[in-house]
Q: 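Handing you a structure now.
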There are 2 protein chains.
Amino acid sequence: MNHMQMPPWTVETVATDLERAIHEHRLPPGTKLGEDELGEVYGISRTLVRAALQSLGHRRLVEHRRNRGAFVAQPTVREAREVFEARALLEPRTARSAAERSTPESMAILRAHIRDEHAALAAGEHGKALHLSGQFHIEIARMADQATIEAFISELVARSSLIIALYWQRRAAMCESHAHNALITAFENKDGTLAEDLMKQHLLDLVTSLDLRNITSMPGSLREALAR
Amino acid sequence: MNHMQMPPWTVETVATDLERAIHEHRLPPGTKLGEDELGEVYGISRTLVRAALQSLGHRRLVEHRRNRGAFVAQPTVREAREVFEARALLEPRTARSAAERSTPESMAILRAHIRDEHAALAAGEHGKALHLSGQFHIEIARMADQATIEAFISELVARSSLIIALYWQRRAAMCESHAHNALITAFENKDGTLAEDLMKQHLLDLVTSLDLRNITSMPGSLREALAR
DNA sequence: GGAGACGAGATTGTATACATAATTGTGCTT
DNA sequence: AAGCACAATTATGTATACAATCTCGTCTCC
């Protein structure tokens, strides 16, 4: 529709564009991603759209239903728990490693993320703020110089944004930036142990801010929508 | 060529078949995977072959070079280290969890893996033995009932088989089965702490059995093949 | 009037055709 | 004879055409 810069859309750029839209909750969980429709939006054929959707499917950001098409994924409560279990295994140790390797350049990048996040939040762009908040975690993995783990964390962060869209309970305010600020100070002091502990606590806080009682759960929104 | 059972080849079955061939070192790192060629082998069109190759590409089992095609991946020394770093983060804790949840059924599956692995080794089928050895690790993740982590470990195990193909130094014999047997006894006793320690040591042993000095490294096999 | 079956429309699954880039072989020039 | 340029071939990148399947509206029958 818009896309005013109109880059030469490739499979990768389309996948990235869609991922960002999902990450920013512009495409909520369950949204149908029709091939013809997307092809028209980006001005490419279904071939490339399918490749992009398959790519997102591998990252569990979209679910493919046979002969039904692609939909923005709707992680179950179980999957949500699994995602944060995996993050708990990967991220604290990665934060420790990142703290021990922190450089002025990487610190500047982190601080820029925080700044942009605050600006987005102030401008009411919650989606963008959430995206940047996720990028913060990915940047830490990049600081640790572990591309493989970074790829895993990137996937987990993206899925987390879907989980937040589904299970976030609004009473917990956006206190994330505090946790991120604390992490930054740990990085500044190259205090790996502190960074590891802070990250562990940060992830715990995130989980407890979700409503993961599997009562309504699966059908997505129907039961919840009709609850009265 | 053969494929005597000839299932109705789908994208998934072709990807699985290729992955197994790579895992068993029938397709060594660097092998060109031509689309027309594969299409003829499986009796399907390039469309499905491309989808399968893209799937393997996302798991880092094949590398895509623009306008050049797909090749069985050749992990660098750096990537090799990263893969085992990631495994060190994921697998010990997963083994602990698996031990605490071990059931007679899951133990039977594990023992069957060991038995088949020994049989394959006795029959000189090193590829099949290596494949089963990897499946053992994946089965543990399945026991832990963590599908997300299982998917990560599955990818890491597959990449490990490529790393072994490239960097294995033969002087270290196939002592793996001993480690796996020790793990089984820990599982039998539901000793999570022991299982975690054993897995940690097992992965360390694996890394030290590799030659990860980045001397010859990258070009793959050409330089090594012509070294004299 | 409601339940079930049938068929039209729409969407995905697969194959093929065309476009484009890389490789290789050939021949000319020096 | 060696080196470069160009053309033919081969393989991948992309689009389109056809086939199969599902959805949904309508019609019929009870």
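In what follows, chains are A, B, ... by sequence order, proteins preceding strands, each numbered from 1.
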Q: Can you name the salt bridge (charged side-chain N to carboxylate O under 4.0 Å, His left out) partners of A:Arg59, sequence neighbours left out?
A: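 Partners of A:Arg59 by the salt bridge (charged side-chain N to carboxylate O under 4.0 Å, His left out) criterion, ordered by chain and then number, come out as A:Glu19.
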Q: Under a plain distance cut-off of 3.5 Å, with no hydrogens placed, do A:Ser55 and B:His58 share a side-chain donor-acceptor pair?
A: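 Their side chains do not contain a donor-acceptor pair, so the 3.5 Å distance test is not met.
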Q: According to the salt bridge (Lys or Arg N to Asp or Glu O under 4.0 Å) rule, which pairs have a member within residues 30-53 of chain A, sequence neighbours left out?
A: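 Pairs touching residues 30-53 of chain A that pass the test: A:Glu35-A:Arg46, A:Glu35-A:Arg50.
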Q: Tell me which residues in residues 49-62 of chain A put a heavy atom below 4.0 Å from DNA chain D, sorted by number, or none.
A: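 Those residues whose heavy atoms fall under 4.0 Å from DNA chain D, taken from residues 49-62 of chain A, amount to none.
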Q: Which atom pairs, one a donor and one an acceptor, fall under 3.5 Å between side chains of residues 105-113 of chain B and the rest of the protein, sequence neighbours left out?
A:
from	atom 1	to	atom 2	distance (Å)
B:Glu105	OE1	B:Thr103	OG1	3.3
B:Ser106	OG	B:Thr103	N	2.9
B:Ser106	OG	B:Thr103	O	2.8
B:Ser106	OG	B:Thr103	OG1	3.1
B:Arg111	NH1	B:Glu188	OE2	2.5

Q: Write down the distance between CD (A:Glu12) and P (D:dG13), rounded to a whole number of angstrom.
A: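 Taking atom P of D:dG13 as the reference, CD of A:Glu12 is at 10 Å.
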Q: Which of residues 33-40 of chain A sit near DNA chain C, with a heavy atom under 4.0 Å from it?
A: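 Heavy-atom cutoff 4.0 Å gives A:Gly34, A:Glu35, A:Asp36.
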Q: By the definition side chain to side chain contact (heavy atoms under 4.5 Å, CB included), identify the one residue from A:Leu90, A:Leu89, A:Val83 that meets it with A:Arg87.
A: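 The single option meeting the side chain to side chain contact (heavy atoms under 4.5 Å, CB included) with A:Arg87 is A:Val83.
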Q: Could you list, one pair per line, each protein nitrogen or oxygen that sits under 3.5 Å from a nitrogen or oxygen of nucleotides 15-19 of chain D, together with the distance?
A:
from	atom 1	to	atom 2	distance (Å)
D:dA15	OP2	A:Ser45	N	3.3
D:dA15	OP2	A:Ser45	OG	2.8
D:dA15	N7	A:Thr47	OG1	2.7

Q: Judged by atom type as modelled, is there a donor-acceptor pair below 3.5 Å linking the side chain of B:Ser133 to the main-chain atoms of B:Ala129?
A: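 A pair under 3.5 Å: no.
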Q: Tell me every residue that passes salt bridge (charged side-chain N to carboxylate O under 4.0 Å, His left out) with A:Arg68, counting only those two or more places apart in sequence or in another chain.
A: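 A:Arg68 satisfies salt bridge (charged side-chain N to carboxylate O under 4.0 Å, His left out) with no residue once adjacent residues are dropped.
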Q: In chain order, what residues pass the salt bridge (charged side-chain N to carboxylate O under 4.0 Å, His left out) check against B:Arg20, with sequence neighbours excluded?
A: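 So B:Arg20 forms a salt bridge (charged side-chain N to carboxylate O under 4.0 Å, His left out) with B:Glu24.
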Q: Using OP1 and OP2 only, check whether a side-chain N or O of B:Arg68 sits under 4.0 Å from D:dG13.
A: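 Answer no for this pair, as no side-chain N or O of B:Arg68 is under 4.0 Å from OP1 or OP2.
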Q: Without decimals, in angstroms, what is the distance between A:Tyr42 OH and D:dT14 P?
A: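 Between P of D:dT14 and OH of A:Tyr42: 16 Å.
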Q: Got a sec, which residues hit side-chain contact (heavy atoms from CB on, under 4.5 Å) with A:Glu82, two or more places apart in sequence or on another chain?
A: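 If we apply the side-chain contact (heavy atoms from CB on, under 4.5 Å) test to A:Glu82, skipping adjacent residues, the hits are A:Arg78, B:Gln146, B:Ala147, B:Thr148.
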Q: Specify the separation, in whole Å, of atom NZ of A:Lys32 and atom P of C:dT11.
A: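 Roughly 7 Å, once rounded to whole Å.
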Q: My understanding is that only residues two or more places apart in sequence, or in another chain, count here; which of them pass side-chain hydrogen bond (donor to acceptor under 3.5 Å, both in side chains) with B:Thr13?
A: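 Partners of B:Thr13 by the side-chain hydrogen bond (donor to acceptor under 3.5 Å, both in side chains) criterion, ordered by chain and then number, come out as B:Thr10.
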Q: Do you know the tightest heavy-atom contact between B:Ala86 and A:Phe152?
A: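 Looking at all heavy atoms of both residues, the closest pair is CB-CE1, 4.4 Å.
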Q: List, with names and distances, any nitrogen or oxygen atoms from the protein found under 3.5 Å away from nitrogen or oxygen atoms belonging to nucleotides 19-21 of chain C.
A:
from	atom 1	to	atom 2	distance (Å)
C:dA21	O3'	B:Asn67	ND2	3.3

Q: Assign each of A:Arg66 and A:Val11 to its nearest nucleotide of DNA chain D by heavy atoms, then name whichever residue's nucleotide is nearer the 5' end.
A: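 Nearer the 5' end of the strand: A:Val11.
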Q: Between A:His137 and A:His180, does any side-chain donor sit less than 3.5 Å from a side-chain acceptor?
A: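 Looking only at side-chain atoms, A:His180 and A:His137 do form a donor-acceptor pair, the distance falling under 3.5 Å.
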Q: Under the rule for side-chain contact (heavy atoms from CB on, under 4.5 Å), what residues qualify as partners of A:Thr16, not counting sequence neighbours?
A: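 Testing A:Thr16 for side-chain contact (heavy atoms from CB on, under 4.5 Å), a comparison that skips the adjacent residues, returns none.
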